[in-house]
Protein chains: 2
Amino acid sequence: MAFPNPYLRYSVVEAALAAEIGDGRWAPGTRLPGENALIGRFRVSRSTVRRAVQNLAARGLVEIHPGKGTFVIR
Amino acid sequence: MAFPNPYLRYSVVEAALAAEIGDGRWAPGTRLPGENALIGRFRVSRSTVRRAVQNLAARGLVEIHPGKGTFVIR
DNA sequence: GTGCATTTGTTCGTATGTATA
DNA sequence: TTATACATACGAACAAATGCA
């Protein structure tokens, strides 16, 4: 398929976070909510949150720092 | 069936790992590569890897420890 | 220096849905 | 219909890195 299925949970989470980063809801350098917070907010599992965040990292939107958190790049 | 079909993917993975254990590539007590590593190495799905490894466990070649890994017995 | 809490990393367990032969 | 195989998704446990009191 050419386009990712928008109903895939990790895609939903990823898109929501990417949109908020694009909107400037989080300034560059700020920390994203942690995995537990995202789990609560999106009502998904940790693995789903992790997949979404790792996709954002692969897209260059965030940087993940183990033990510290995930930070917005731009 | 008396003999497993060698073209079944899980049998291929199972046989490869069993051969490597028999060859001593992994000493007893060492940890096998995790499921994700085997997925990448054999280019199969997680369920296929899991089936292969569980067959090895049923044969007494490995011991599976959830949250830790899979370890060679002999 | 020690211990604890927080956060991300890793690994296996399980269930479900889809596609294929 | 059954068996294989893949992907998604949830959960649990263990582990490592970090920061702070």
Side-chain angles (χ1 to χ4, degrees), chain A residues 1-18 20-21 25-74, chain B residues 1-18 20-21 25-74:
Chain A
M1 69 176 70
F3 302 98
N5 183 342
Y7 297 110
L8 295 176
R9 306 234 216 205
Y10 65 81
S11 292
V12 172
V13 175
E14 178 188 345
L17 295 175
E20 291 172 2
I21 292 172
R25 177 173 306 194
W26 293 296
T30 60
R31 214 201 82 199
L32 279 188
E35 290 177 351
N36 285 339
L38 296 177
I39 287 166
R41 173 182 168 193
F42 291 101
R43 298 301 209 138
V44 295
S45 69
R46 189 178 170 212
S47 42
T48 297
V49 163
R50 284 184 56 74
R51 184 158 185 177
V53 173
Q54 298 208 36
N55 283 351
L56 293 176
R59 290 165 60 181
L61 294 178
V62 300
E63 269 180 356
I64 303 172
H65 296 275
K68 299 178 69 174
T70 299
F71 298 83
V72 176
I73 294 182
R74 52 180 167 87
Chain B
M1 65 178 74
F3 300 98
N5 183 341
Y7 296 110
L8 295 177
R9 305 232 215 205
Y10 65 80
S11 293
V12 172
V13 175
E14 178 188 345
L17 294 175
E20 291 172 3
I21 292 172
R25 178 174 305 196
W26 293 296
T30 60
R31 216 200 81 207
L32 279 188
E35 290 178 348
N36 285 338
L38 297 177
I39 287 167
R41 172 180 168 193
F42 291 101
R43 300 301 214 135
V44 295
S45 71
R46 191 177 170 215
S47 41
T48 297
V49 162
R50 282 185 55 74
R51 183 156 187 179
V53 173
Q54 298 207 38
N55 283 350
L56 294 177
R59 290 164 60 181
L61 293 178
V62 300
E63 269 180 356
I64 304 172
H65 295 275
K68 300 182 74 173
T70 298
F71 298 82
V72 175
I73 294 182
R74 50 182 169 87

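Chain A is the first sequence line, chain B the second, and so forth, proteins listed ahead of strands; every chain is numbered from 1.
- In this structure, Glu35(B) places its CD atom 15 Å from C1' of dT8(D), rounding to the nearest Å.
- Residue pairs meeting the ring-ring contact (aromatic ring centres under 6.0 Å, His included) criterion with at least one member in residues 39-70 of chain A, sequence neighbours excluded: His65(A)-Phe71(A).
- Put simply, Arg50(B) has no side-chain N or O that comes within less than 4.0 Å of OP1 or OP2 on dT11(C).
- Rounded to a whole Å, the CD atom of Glu63(B) is 18 Å from the P atom of dT11(C).
- Of all heavy-atom pairs spanning Arg31(A) and Lys68(A), the tightest one is CD-O, 3.6 Å.
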Completion exercise
For nucleotides 15-21 of chain D, 5' to 3', base contacts (B), sugar-phosphate-only contacts (S) and non-contacts (-) with protein non-hydrogen atoms under 4.0 Å give S-BSS--
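- Regarding Arg9(A), its CZ atom lies at a distance of 14 Å from the P atom of dT8(D), rounded to whole Å.
- When the C1' atom of dA7(D) is taken as reference, atom CG of Asn36(B) falls 13 Å away, rounded to whole Å.
- Side-chain N/O atoms of Arg51(A) include one lying less than 4.0 angstrom from OP1 or OP2 on dT8(D).
- The nucleotide whose nearest atom lies closest to any side-chain atom of Tyr10(A) is, among dC12(C), dT8(C), dA9(D), dA9(D).
- For residues 47-58 of chain A, the set of pairs meeting the salt bridge (charged side-chain N to carboxylate O under 4.0 Å, His left out) definition, not counting sequence neighbours, comprises Glu35(A)-Arg50(A).
- Across all strands, Val53(B) comes closer than 4.0 Å to no nucleic acid atom at all (heavy-atom distances).
- Contact record, Ile64(B) with Ala57(B): CD1-CB, 3.9 Å, taken as the closest heavy-atom pair.
- Mapping Val49(A) and Val49(B) onto DNA chain D by nearest heavy atom places Val49(B) at the nucleotide closer to the 5' end.
- With a 4.5 Å cut-off on side-chain heavy atoms, Leu17(A) and Val62(A) do not count as touching.
- Applying the side chain to side chain contact (heavy atoms under 4.5 Å, CB included) test to Ala37(A) and every residue at least two apart in sequence or in another chain returns Pro33(A).
- In this structure, Ser47(B) does not reach the dT4(D) phosphate: none of its side-chain N or O atoms is under 4.0 Å from OP1 or OP2.
- When distances run from any side-chain atom of Ser45(B) to the nucleotides dT7(C), dA7(D), dG9(C), the shortest one goes to dA7(D).
- Atom OH in Tyr7(B) sits roughly 17 Å away from atom C1' in dT4(D) (whole-Å rounding).
- Rounding to whole angstrom units, CZ of residue Arg43(A) and C1' of dA9(D) are separated by 16 Å.
- One interatomic measurement links the two molecules: CD1 of Ile39(B) to C1' of dC6(D), which rounds to 10 Å at whole-angstrom precision.
- Between Gln54(B) atom CD and dA5(D) atom P there is a gap of 15 Å when expressed in whole angstrom units.
- Where the helix from dT2(C)-dA21(D) to dA21(C)-dT2(D) starts and where it ends, the local axes point in directions that differ by 10°; five pairs per end, rounded to 10°.
- Each of Thr48(B), Leu61(B), Leu38(B) was compared with Val53(B) under the side chain to side chain contact (heavy atoms under 4.5 Å, CB included) criterion, and only Leu38(B) meets it.
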Problem - Contact letters for nucleotides 16-21 of chain C, in which S counts primed atoms plus P, OP1 and OP2 and B counts the base, heavy atoms under 4.0 Å - result: ------
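- For Thr48(A) and dC10(D), the shortest distance from a side-chain N or O to OP1 or OP2 is below 4.0 Å.
- In this view, Glu20(B) and Arg25(B), Arg41(B) satisfy the salt bridge (charged side-chain N to carboxylate O under 4.0 Å, His left out) rule, not counting sequence neighbours.
- Here the closest heavy-atom approach between residue Ala52(B) and residue Val13(B) is recorded as CB-CG1, 3.6 Å.
- Between the CG atom of Leu32(B) and the CG atom of Leu56(B) there is a distance of 7.5 Å, given to the nearest 0.5 Å.
- With sequence neighbours excluded, the residues forming a side chain to side chain contact (heavy atoms under 4.5 Å, CB included) with Ser47(B) are Ser45(B), listed by chain and number.
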